[in-house]
Amino acid sequence: MPQVAARISEQQERWLKDYFRTKSAGAEFILPWAVDTFFRAITSIKSIFSSAELKTIIEAHKDLRLLPDHTRLSYLLLRVADLCDVSGIHNQYGVSRSSLEAKLKRLDDTQATALMVWASAFWVSRNCSAESLDEYIKSY
């Protein structure tokens, strides 16, 4: 199995040791579970939005560096609303701003985080291009 080196806080390390006896045992369980959970969640979340809305959300995450403290629904709403105000990003894809915001507001923080990670990941992927955007939305 491939090795992964992750950086965790001391509190997270204690949590893994408390619940799994060793940090390694915890990491071997948590990481694959988190990845699988993320992909199941993003598949479900993407079904809420149209392709144009997903493109708008992805575009809103261009040049954005996500920080763990900023992965909440309130930040997602702020990011999308700000770019709609400043650049009319929703108009680029023919999206109703009110409809998009209503759908976003129905998400919880965990769903919003998954959507933000997924949208940001497009911009750092090896296949990031205008042509691959449709394929990225269809995948998973």
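Atoms considered below: every heavy atom in the structure, side chains included; atoms not considered: hydrogens, waters and symmetry mates.
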Enquirer: With a 3.5 Å distance limit and no angle check, can you tell me whether Ser9 reaches the backbone of Gln12 through a side-chain donor-acceptor pair?
Expert: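 Yes: the side chain of Ser9 pairs with the backbone of Gln12.
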Enquirer: Nearest heavy-atom pair of Pro32 and Ala27: which atoms, and what distance?
Expert: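 Looking at all heavy atoms of both residues, the closest pair is CD-O, 3.8 Å.
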Enquirer: For the backbone of Pro68 and the side chain of Thr71, can you confirm whether one donor and one acceptor N or O come within less than 3.5 Å of each other?
Expert: yes
Enquirer: Just so I know, are the side chains of Leu54 and Tyr136 near enough to count as touching, which here means a heavy-atom distance under 4.5 Å?
Expert: no
Enquirer: Quick test of your reading: applying ring pair (Phe, Tyr, Trp, His ring centres under 6.0 Å), list the pairs with at least one residue in residues 61-91, sequence neighbours left out, ordered by first then second residue.
Expert: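 Found His70-Tyr75.
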Enquirer: Tell me, do Ile57 and Leu104 make a side-chain contact under 4.5 Å, heavy atoms counted?
Expert: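 Yes, their side chains come closer than 4.5 Å.
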Enquirer: Do Ile30 and Phe20 come close enough that some side-chain heavy atom pair is under 4.5 Å?
Expert: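 Of all side-chain heavy-atom pairs linking Phe20 with Ile30, at least one is under 4.5 Å.
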Enquirer: Measure the spacing between OG1 of Thr110 and CG of Leu115 and express it to the nearest 0.5 Å.
Expert: 12.5 Å
Enquirer: Can you check whether Lys17 reaches Thr22 side chain to side chain, under 4.5 Å on heavy atoms?
Expert: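 Heavy-atom side-chain distance check fails, nothing below 4.5 Å.
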Enquirer: Answer whether the closest heavy-atom distance between the side chains of Ile48 and Leu107 falls below 4.5 Å.
Expert: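 In contact.
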Enquirer: For Trp15 and Tyr19, take the angle between the two ring planes, folded into 0 to 90°, and tell me which bin it lands in: parallel under 30, tilted 30 to 60, perpendicular over 60.
Expert: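 Answer is tilted, since the angle falls between 30° and 60°.
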Enquirer: Measure the CZ-CD1 distance between Arg106 and Ile45 for me, rounded to the nearest 0.5 Å.
Expert: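 Spacing of CZ (Arg106) from CD1 (Ile45) equals 13.0 Å.
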Enquirer: When you compare the side chain of Ile89 with that of Val80, does any pair of heavy atoms fall below 4.5 Å?
Expert: no
Enquirer: Salt-bridged, Arg72 to Asp108, with N to O below 4.0 Å?
Expert: no
Enquirer: State whether the side chain of Lys46 and the backbone N or O of Ser139 hold a donor-acceptor pair below 3.5 Å, judged by distance alone.
Expert: yes
Enquirer: Could you check Leu66 against Leu64 for side-chain contact (heavy atoms from CB on, under 4.5 Å), going step by step and ending with a plain yes or no?
Expert: CA-CA 6 Å; Leu66 281 182; Leu64 177 70; 4.0 Å; yes
Enquirer: Quick check for you: to the nearest 0.5 Å, what is the distance between Arg79 atom CZ and Ser74 atom OG?
Expert: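 Answer rounded to 0.5 Å: 14.0 Å.
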Enquirer: So Trp123 and Ile58, do their side chains get closer than 4.5 Å, heavy atoms only?
Expert: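 They are in side-chain contact.
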Enquirer: Could you state whether Val35 and Val117 fall into the same hydrophobic cluster, counting links through intermediate Ile, Leu, Val, Met, Phe, Trp or Tyr residues with side-chain heavy atoms under 4.5 angstrom apart?
Expert: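 Yes, Val35 connects to Val117 through the hydrophobic network.
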Enquirer: Could you check whether any side-chain N or O of Ser99 sits under 3.5 Å from a backbone N or O of Ser96, counting only pairs where one atom can act as donor and the other as acceptor?
Expert: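 Looks like no, no N/O pair under 3.5 Å.
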Enquirer: Side-chain contact, heavy-atom cut-off 4.5 Å: Leu83 with Glu59?
Expert: no
Enquirer: Report yes or no: does Glu53 contribute a side-chain atom to a donor-acceptor pair with the main-chain N or O of Ser50 at less than 3.5 Å?
Expert: yes
Enquirer: Just checking Lys103: does its NZ atom have more than 12 heavy atoms from other residues, nucleotides or ligands closer to it than 6.0 angstrom?
Expert: yes
Enquirer: When the aromatic ring centroids of Trp118 and Phe38 are compared, is their separation below 6.0 Å?
Expert: no
Enquirer: Give the cluster check for Leu16 versus Phe29: same hydrophobic cluster or not, with ILVMFWY residues linked at side-chain heavy-atom distances below 4.5 Å.
Expert: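 Both belong to a single hydrophobic cluster.
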Enquirer: Evaluate Asn91 against Arg97 for side-chain contact (heavy atoms from CB on, under 4.5 Å), listing each step before the verdict.
Expert: CA-CA 8 Å; Asn91 295 325; Arg97 180 178 175 172; over 6 Å; no
Enquirer: Just do the side-chain contact (heavy atoms from CB on, under 4.5 Å) check on Phe122 and Leu133 with the steps written out, would you?
Expert: CA-CA 8 Å; Phe122 173 76; Leu133 185 55; 4.0 Å; yes
Enquirer: Would you call Lys105 and Glu101 a salt bridge, using N to O less than 4.0 angstrom?
Expert: no
